[in-house]
Enquirer: 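Take a look at the following structure, please.
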Amino acid sequence: MSLLNGKTVVVSGVGAGLGHQVAAAVVRGGGNAVLGARTEANLVKSAGEIDPDGAHSAYRATDITDEGQCEALAALARERFGGIDGVVHVAAWDSYFGGLEDADFATWQSVIDVNLLGSLRMTRACLPALKKGGGSVVFIGTQSAVAAPSQVRQAAYAASKGALTSAMYSLARELGPHRIRVNTVLPGWMWGPPVQAFVQFTAQTEGAPEADVLKRLTERMALPELATDGDVANAAVFLASDLARAITGQSLLVNAGELMR
């Protein structure tokens, strides 16, 4: 079954991990993927892998802290495929660690500018096209916004993503009359490049086998393995599809059952 049936979806933050998996799932689902990220080399690589002949993808280097670049990516989608049916926001600053006592609030402001305001800028750039026929906005949040992990401390990231989830409720109400749905996917520990790097680093630091570090993570789950970035991508594409036509203002945990709400 083709989930997207020729729909055009803008995907921000396309790199080696989740963004690439979302773009791949869009094309696999019969849609057109318009890829954005700051690093053009990542876009070239991703587009070449998911759509070798270029019939169902387009890309443009995009920094979502720049309103003009957001508008340019939205314009590319309209020019190449005639409109926009969905936006999936993967772009995020998730590499700043720490809590309140050691907080550099200037960095916090930058994290918020990317994770909260950047996602809203990109959404607003796509609104004129989305309003023409309705569509879907999917934010990628984090389980850390609703339950702080004990293994790492990422207060700025969690706060910015929590604010984005709160904004989702207002947007779902504001944009609903235009048949635009707004939802959030909340990944927990997600097997992909960042978590692979965490497991490798922790194993090296502790002098322990990587399997032991991974076991400490998976034993927290109801299911016996971590969700993957592909699992999260599939959830995002489901929410972007017409199968989710009556779903808006919702947060979906994709976490192998670590946290249940």
Side-chain angles (χ1 to χ4, degrees), residues 1-14 17-36 46-47 49-51 55-59 73-74 76-78 80-92 119-120 122-142 164-165 167-169 171-188 190 192 227-256:
M1 179 177 60
S2 178
L3 282 178
L4 296 177
N5 294 316
K7 293 183 182 296
T8 296
V9 180
V10 174
V11 184
S12 72
V14 175
L18 179 57
H20 172 76
Q21 293 296 334
V22 171
V26 168
V27 174
R28 190 168 60 245
N32 305 308
V34 180
L35 289 57
S46 184
E49 290 178 1
I50 68 175
D51 184 36
H56 299 288
S57 66
Y59 59 83
L73 185 63
L76 174 64
R78 296 193 304 269
R80 178 68 190 279
F81 298 112
I84 299 172
D85 303 291
V87 189
V88 180
H89 296 283
V90 183
S119 296
L120 297 179
M122 193 67 245
T123 300
R124 186 165 67 178
C126 294
L127 275 184
L130 287 169
K131 283 183 176 181
K132 290 184 178 180
S136 175
V137 176
V138 182
F139 297 125
I140 302 296
T142 175
L164 186 61
T165 299
M168 172 198 73
Y169 298 118
L171 292 178
R173 186 69 68 182
E174 176 186 351
L175 303 180
H178 301 287
R179 298 188 183 278
I180 300 171
R181 299 175 291 103
V182 189
N183 294 287
T184 301
V185 177
L186 302 175
M190 175 181 65
T228 68
D229 51 11
D231 295 321
V232 175
N234 287 337
V237 169
F238 161 72
L239 289 172
S241 77
D242 287 341
L243 291 179
R245 63 181 296 275
I247 301 174
T248 195
Q250 304 300 316
S251 296
L252 176 62
L253 284 161
V254 182
N255 63 0

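We use all heavy atoms of the structure for the numbers below, so side chains are in, but hydrogens, waters and symmetry mates are not. For this chain, numbers begin at 1 and follow the sequence in order.
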Enquirer: Report yes if the side chains of V26 and V237 come closer than 4.5 Å at any heavy-atom pair, otherwise no.
Expert: yes
Enquirer: Could you check whether any side-chain N or O of N183 sits under 3.5 Å from a backbone N or O of I247, counting only pairs where one atom can act as donor and the other as acceptor?
Expert: yes
Enquirer: What distance do N5 atom CG and S241 atom OG have between them, rounded to the nearest 0.5 Å?
Expert: 9.0 Å
Enquirer: Keeping the roles fixed (side chain from D85, backbone from T8), state whether a donor-acceptor pair exists under 3.5 Å.
Expert: yes
Enquirer: Ignoring hydrogens and geometry, is there a side-chain-to-backbone donor-acceptor pair from D51 to A55 under 3.5 Å?
Expert: yes
Enquirer: Is any side-chain heavy atom of I180 closer than 4.5 Å to a side-chain heavy atom of L127?
Expert: yes
Enquirer: I need the minimum non-hydrogen distance between G19 and V11, along with the two atoms involved.
Expert: O-CG1, 3.9 Å
Enquirer: How close do Y169 and G249 get, heavy atom to heavy atom, and via which atoms?
Expert: CE2-O, 3.4 Å
Enquirer: Quick one: are V14 and V90 in side-chain contact, heavy atoms under 4.5 Å?
Expert: no
Enquirer: State, with a plain yes or no, whether a side-chain heavy atom of K7 is found less than 4.5 Å away from one of D242.
Expert: yes
Enquirer: Distance check, rounded to the nearest 0.5 Å: F238 atom CZ versus L243 atom CG?
Expert: 6.0 Å
Enquirer: Not counting sequence neighbours, which residues clear side chain to side chain contact (heavy atoms under 4.5 Å, CB included) with D229? List them please.
Expert: L18, Q21, M190, P193
Enquirer: Calculate, to the nearest 0.5 Å, the distance between atoms NE2 and CD belonging to H20 and E49 respectively.
Expert: 4.5 Å
Enquirer: Which donor-acceptor pairs under 3.5 Å do side chains of residues 171-179 form with protein atoms, sequence neighbours excluded?
Expert:
none

Enquirer: Between CD1 of I84 and CG of N32, what distance do you get to the nearest 0.5 Å?
Expert: 11.5 Å
Enquirer: Are side-chain heavy atoms of Y59 and L76 found at a separation under 4.5 Å?
Expert: no
Enquirer: List the steps, then state whether side-chain contact (heavy atoms from CB on, under 4.5 Å) holds for L130 with V87.
Expert: CA-CA 9 Å; L130 287 169; V87 189; 4.1 Å; yes
Enquirer: Give the intermediate values and the outcome of side-chain contact (heavy atoms from CB on, under 4.5 Å) for residues L164 and T184.
Expert: CA-CA 9 Å; L164 186 61; T184 301; 5.9 Å; no
Enquirer: For a quick test of reading the model, state the closest non-hydrogen atom pair linking A236 to V138 and the distance between them.
Expert: O-CG2, 3.8 Å
Enquirer: Could you tell me whether a side-chain N or O of R181 sits under 3.5 Å from a main-chain N or O of A244, the two making a donor and an acceptor?
Expert: yes
Enquirer: Atom CD1 in I50, atom OG in S57: separation rounded to 0.5 Å?
Expert: 5.5 Å
Enquirer: Sequence neighbours left out, what passes side-chain hydrogen bond (donor to acceptor under 3.5 Å, both in side chains) with N255? Give chain and number order.
Expert: Q143
Enquirer: Would you mind reporting whether N234 and R28 have side-chain heavy atoms less than 4.5 Å apart?
Expert: yes
Enquirer: Between the side chain of S12 and the main-chain N/O of G36, is any donor-acceptor distance below 3.5 Å?
Expert: no
Enquirer: Please report the shortest heavy-atom distance between V254 and A235, naming the atom on each side.
Expert: CG2-CB, 3.8 Å
Enquirer: Minimum heavy-atom separation for I140 to P187, with atom names?
Expert: CG2-CG, 4.0 Å
Enquirer: Considering all heavy atoms of both residues, which atom of F81 and which atom of H56 are nearest to each other, and what is their separation?
Expert: CZ-C, 3.9 Å
Enquirer: Side-chain contact test, heavy atoms from C-beta onward, threshold under 4.5 Å: evaluate it for T165 versus L186 and give yes or no.
Expert: yes
